[in-house]
Amino acid sequence: MLPLLGLLGLLGLLGLAAPATASYAFYVGKNLTESGHVLLGGTGEEVSSHWLQLFPAKDHLANATITVGVTQDASYPATAREGVEIIGDLIKKHGFATYGGNPHLIADKDEGWVVWEFAGGETLWAAERLGPDVVRVSYPGYIEEFPVDFADSRDHMGSENLVDFAVAQGWWDPDGDEPFHVFKAYGVQGDSYHARTGGFKYMSQAALENATLAMVPVTEKDFMKRVRDPRICDDQSGYGQVIRVFEPGDPDLYLIWNAATGSVAAPFVPWYLGVEHVPPEFGQHRYLTTGASSTFLKTDYQLQEASVFAGRVFKRVLYYMCSAPKRFLPLVTDMFISFEDESAAAVTTWVDTAAKMLLATGDRDAARKMLTFFSRTRAYKSLEIGKTLTDALDGYAKLSGAWQIPKDDLINEMGSNETVNCLTGINPDEPADQQ
Ligand SMILES: *[C@@H]1O[C@H](CO)[C@@H](O)[C@H](O)[C@H]1NC(C)=O
Ligand SMILES: *[C@@H]1O[C@H](CO)[C@@H](O)[C@H](O)[C@H]1NC(C)=O
Ligand SMILES: *[C@@H]1O[C@H](CO)[C@@H](O)[C@H](O)[C@H]1NC(C)=O
Ligand SMILES: *[C@@H]1O[C@H](CO)[C@@H](O)[C@H](O)[C@H]1NC(C)=O
């Protein structure tokens, strides 16, 4: 059985869901990266908990409705284009339920696609291809000018009613001077809303795209820096991920860099798809999990819950670090980058090679055990760094007199006030590396 590293939140391969507010998805076309491979990254903006979970690959009966996967009669999409076609097909057949529309970013080794599904039960959707020379940042996903005769285009897809519906609603005038524009017809309307420059957080999508373009040829390391930029990565970021999309020869060798919470406060850990076990510390815990405030723990989860939760450890790093960001942010960031450099050096100097050699001898079992050993070792090392940091920062805050007792009775931020971030006292207009 092929284990699949299924991450709640590792939706990058399949698309990034946009929850309550939005989530960042980053795409860098393969002509713009150092390795010549597509880079895909993201943060998930969700209050809820995130954890790692392995789902062994299995076959499913045709018309199965609970899980999605490969059957004997179906072929799994090999490409992002087929992924878009499947989404469009499913919407056509079954409709689409949503809390307000949803954009996804899908990528394969050659190209990406932004797929935007619209709320309202009209089965409306549009999709745009992202080629090898494109950087795209979604927050949320956007699509601008769009050909009316998109059925003839290799670069666009959409529901048959996409243009007609906009015309019928008076959202686009086919006789006017303006070309058909998906955001203008279907996006959030209002003077302050624009497809790319809406000014979300401290950086718009356009500014993030420019900052990414300034890094061309983009390395995985550059890309991690972009994803963890404190101007966009804060308490709202539930996780961080960076994936180099290519064909590694064997699916077990696919590498997913995942941060246990927003990567401004958590290092990226290298998880191979061939990993067989995730340490309990990175598995599900009751911190910010649905129903946890009104239920008791299942005995089945007693020991797992007894273990330290990595997501919580790095949230603590965030809260300590952002209490004095000028002092702590550069320090913590340096530690994480050094940790990631160590992991990356191991990956390129011996882990990939050793796994390939074991696979070449036909010993998949040993290859998986080796990959599991490597990823677990790095995960535990990251946790050790997290614990050391929280202890040190706790001590510092208390001894230095910086400790603050809350003034308010209410612990939850219920309105639109600022949430925890590392920009206090920092000029958000300056790139993070010049702070
Ligand atoms: C992008 O790369 C492809 C080959 O992968 C090449 O054919 C194409 O010309 C490149 N485009 C640019 C603008 O460099
Ligand atoms: C699956 O559903 C379709 C109709 O949606 C039906 O034609 C087909 O026979 C079903 N297949 C199986 C194996 O039940
Ligand atoms: C991004 O770069 C383009 C081209 O240099 C420029 O026209 C645009 O103003 C920039 N946008 C932002 C938001 O920085
Ligand atoms: C924002 O915070 C202030 C003080 O902390 C509080 O008085 C105000 O009600 C809050 N606003 C919202 C919308 O929660």
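Just so you know, ligand 1 is whichever comes first in the structure, and atom 1 is the first atom listed for that ligand.
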Peer 1: Is at least one protein non-hydrogen atom found at under 4.0 angstrom from atom 7 (O) of ligand 3?
Peer 2: no
Peer 1: With a 3.5 Å cut-off and no angle check, do the side chains of Tyr320 and Asp394 form a donor-acceptor pair?
Peer 2: yes
Peer 1: Determine the interplanar angle of the Phe183 and His181 rings, folded into 0 to 90°, and report it as parallel if under 30°, tilted if 30 to 60°, perpendicular if over 60°.
Peer 2: perpendicular
Peer 1: Could you list which atoms of ligand 1 come closer than 4.0 Å to a heavy atom of Asp133?
Peer 2: 1 (C), 11 (N), 12 (C), 13 (C), 14 (O)
Peer 1: Tell me whether atom 4 (C) of ligand 3 lies less than 4.0 Å from at least one protein heavy-atom position.
Peer 2: no
Peer 1: Any donor-acceptor pair under 3.5 Å linking the side-chain atoms of Asn161 with those of Ser159?
Peer 2: yes
Peer 1: So how far is it from Gln284 CD to Trp51 CH2, rounded to the nearest 0.5 Å?
Peer 2: 3.5 Å
Peer 1: Among all protein heavy atoms, pick out the one at the shortest distance from atom 12 (C) of ligand 3; state its residue, atom name and that distance to 0.1 Å.
Peer 2: Asn210 ND2, 3.3 Å
Peer 1: Counting both backbone and side chain atoms, is some N or O of Asn31 under 3.5 Å from an N or O of ligand 1?
Peer 2: yes
Peer 1: Starting at CE of Met335, measure out to OG1 of Thr388 and round the result to the nearest 0.5 Å.
Peer 2: 7.0 Å
Peer 1: Give a yes or no on whether atom 14 (O) of ligand 3 lies under 4.0 Å from any heavy atom of the protein.
Peer 2: yes
